[in-house]
Amino acid sequence: MKIAIIGGGIGGLTTALALQKNNLDVTIYESAPEIKPVGAGIIMANNAMQIFDKLSIRHKIEKAGHKISAIKITDPQLKTLSDVQLNTFESKYGVSNIAIHRGDLQMILAEEIGFENIKLSKRLSKIEQGNGYQLTFEDGNIANADAVIGADGIKSVVRHQILNIGKLRSSKQKCWRGVIESDWTEKYNHHAYEAWGKGRRFGFMKISDHKVYWYAVVNEHLVKNPNNLAELFAEFNPEIPRMISVTPKEKIFVSDIIDLEPIYQWQKDRVCLIGDAAHATTPNMGQGACQAIEDAYILGKLFGEGKNVDEVFTQYEKLRMKKAHYIVNTSSAIGKISHYENSLAVWLRNILLKATSGSINEKQMEKVFDISYQSNL
């Protein structure tokens, strides 16, 4: 059976690897002309690393990235409001959270899959069902497949054409991301920081010995000049505007933060959606790609049990939907809370963060990191 995966991002690549491990014939169709190290940093949380361990590439990712053992939420001056230590989860699950350059992770996955199984410059324009599926690409080329997996992102062509559903939601926030070369001080080793101010926040972490990944999120209406980002953080700890200022402008990626209103159908016949195509989330929990990786692993396990395609896609949807929707909804709520502008609301939020530091966050993380529901397979 020939399976076509539309989209060569982290979700599509991991799905291909999981299916290959179960001896399936998989081809990825990616719209970009090449796989190159673009983008900024990303955290592969404990749940994703458990799956990469099962797929036998955990050590390559650990080697290319940087271990994160604590997540700190701070005020604008980097004074701690909440400190979540991750060593409990490291001990429990035997893996760590790893911060890594997105491009490095994609390259590890692509090499593992084999570049001969990835077709580049293939942007899908039409998908038609006949005996199997006929895929027509913008360059005029046509491919055929017995089943199709849409890993083509929040604006998924597969979702639009097969299910014709999906409402995009704006958070009314803008996000900037960058990577700098830095001999970072030891005190920031193995920590992910996120400084919460009024209507804006700034996060940073090491992704290798000499690289630091940073991101800035700001309520849209506060942004007068997108090119003067450092000014928006002028009142934060001096390290923060400095990080922005030393990043070459052409290396800063800007995007609007949007998600997908939860949808309750991810599959039809022999087509299914994974990752952002099915359940795009805001980045506030660092779980977008991690949830796509969980999708990939479950699909691989179900196929590995010898089930037919219809059974696989139906059971995958049933197994994954509750957790994915929990992530989307919780992440959306965190995005609102972290961007309060009212002084009293900010003060109360910070008091609550200090009072509950650890306990609430650890319970939430247990829910996110736990992949034992997959043992139902």
Side-chain angles (χ1 to χ4, degrees), residues 36-43 64-68 70-83 97-106 170-258 282-284 286 288 334-335 338-341 343 346 350:
K36 60 180 182 178
V38 295
I42 190 168
I43 286 189
H66 184 80
K67 184 168 98 162
I68 300 296
I71 297 171
K72 288 181 182 283
I73 296 172
T74 74
D75 70 8
Q77 298 308 317
L78 299 181
K79 289 178 183 165
T80 303
L81 299 172
S82 170
D83 183 357
N97 287 30
I98 301 293
I100 187 171
H101 194 288
R102 187 178 284 268
D104 292 344
L105 176 58
Q106 282 185 281
S170 170
S171 69
K172 296 190 167 66
Q173 295 169 1
K174 276 198 176 300
C175 182
W176 291 255
R177 296 177 177 90
V179 174
I180 57 170
E181 297 275 342
S182 177
D183 291 324
W184 214 240
T185 53
E186 283 298 312
K187 68 176 178 176
Y188 293 132
N189 260 357
H190 309 300
H191 286 60
Y193 279 80
E194 192 167 279
W196 289 11
K198 286 185 181 179
R200 69 204 77 188
R201 64 199 147 116
F202 189 94
F204 61 93
M205 70 208 69
K206 286 179 73 166
I207 56 172
S208 70
D209 287 345
H210 301 293
K211 284 192 171 74
V212 174
Y213 162 52
W214 63 260
Y215 57 90
V217 187
V218 182
N219 288 351
E220 264 177 8
H221 74 94
L222 299 174
V223 182
K224 307 303 178 202
N225 182 352
N227 294 317
N228 279 344
L229 179 63
E231 285 181 11
L232 284 164
F233 290 90
E235 293 177 9
F236 278 56
N237 183 290
E239 282 291 334
I240 287 171
R242 186 186 72 80
M243 272 186 256
I244 297 167
S245 300
V246 301
T247 312
K249 289 254 189 306
E250 68 278 7
K251 293 285 179 71
I252 297 176
F253 301 88
V254 189
S255 60
D256 295 324
I257 292 188
I258 57 175
T282 53
N284 306 309
I334 291 169
S338 61
H339 278 251
Y340 287 159
E341 292 180 37
S343 295
V346 168
N350 292 358

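Each residue takes its place number in the sequence, starting with 1.
The backbone N or O of Ala70 sits nowhere less than 3.5 Å from a side-chain atom of His190 that would complete a donor-acceptor pair. Counting only distance, with no hydrogens or angles, the side chain of Asn219 and the backbone of His221 share no donor-acceptor pair below 3.5 Å. Counting only distance, with no hydrogens or angles, the side chain of Ser182 and the backbone of Val212 share no donor-acceptor pair below 3.5 Å. In this structure, the side chain of Arg200 engages the main chain of Lys198 through a donor-acceptor pair within 3.5 Å. With Asn97 contributing its side chain and Ile43 its backbone, the two residues share no donor-acceptor pair below 3.5 Å. Arg201 contributes no side-chain N or O that, together with a main-chain N or O of Ser338, makes up a donor-acceptor pair within less than 3.5 Å. Distance alone, capped at 3.5 Å, is enough to place a donor-acceptor pair between the Gln77 side chain and the Glu235 backbone.
Nearest heavy atom pair, residue Trp214 against residue Val179, reads NE1-N, 4.3 Å. In plain terms, the two heavy atoms of Phe202 and Phe233 that are nearest each other are CB-CE2, 3.8 Å. Summarising the geometry of Gly199 relative to Leu222, their closest heavy-atom pair is O-CD1, 3.7 Å, with the distance given to 0.1 Å. What you find for Ile68 and Met205 is that their closest heavy atoms are CD1-CB, 4.0 Å. The heavy-atom pair separating Ala230 from Ile244 by the smallest distance is N-CG2, 3.9 Å. The nearest pair of heavy atoms linking Pro76 to Ala195 is CA-CB, 4.3 Å.
For the pair Pro283/Ile257, a side-chain contact is recorded, criterion being any heavy-atom separation below 4.5 Å from C-beta on. Looking at Thr282 and Ile334, their side chains never come closer than 4.5 Å, going by heavy atoms from C-beta outward. Asn189 has its side chain within reach of His66: a pair of non-hydrogen atoms, C-beta onward, lies under 4.5 Å apart.
Asp256 contributes atom CG, which lies 10.5 Å from atom CD of Gln173 (distance to the nearest 0.5 angstrom). The distance from atom OG of Ser255 to atom NZ of Lys174, rounded to the nearest 0.5 Å, is 8.0 Å. To the nearest 0.5 Å, atoms OG1 (Thr74) and CG (Asn350) are separated by 9.5 Å. Atom-to-atom distance recorded for Ser170:OG and Glu220:CD is 5.0 Å, nearest 0.5 angstrom. Note that the CG atom of Asn237 and the CG atom of Leu78 stand 4.0 Å from one another [nearest 0.5 Å]. In this structure, CG on Asn228 lies 9.5 Å from OG on Ser245, to the nearest 0.5 angstrom.
In summary, Lys211 and Glu181 engage in a salt bridge, as defined by a charged side-chain N under 4.0 Å from a carboxylate O.
The neighbour count for Glu341 CD, taken as heavy atoms of other residues, nucleotides or ligands under 6.0 Å away, is above 12.
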Could you please spell out the steps behind the side chain to side chain contact (heavy atoms under 4.5 Å, CB included) verdict for Trp176 and Thr247? CA-CA 11 Å; Trp176 291 255; Thr247 312; over 6 Å; no

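Exactly one of Tyr213, Phe236, Tyr188 qualifies for a ring pair (Phe, Tyr, Trp, His ring centres under 6.0 Å) with Phe204. That residue is Tyr188.
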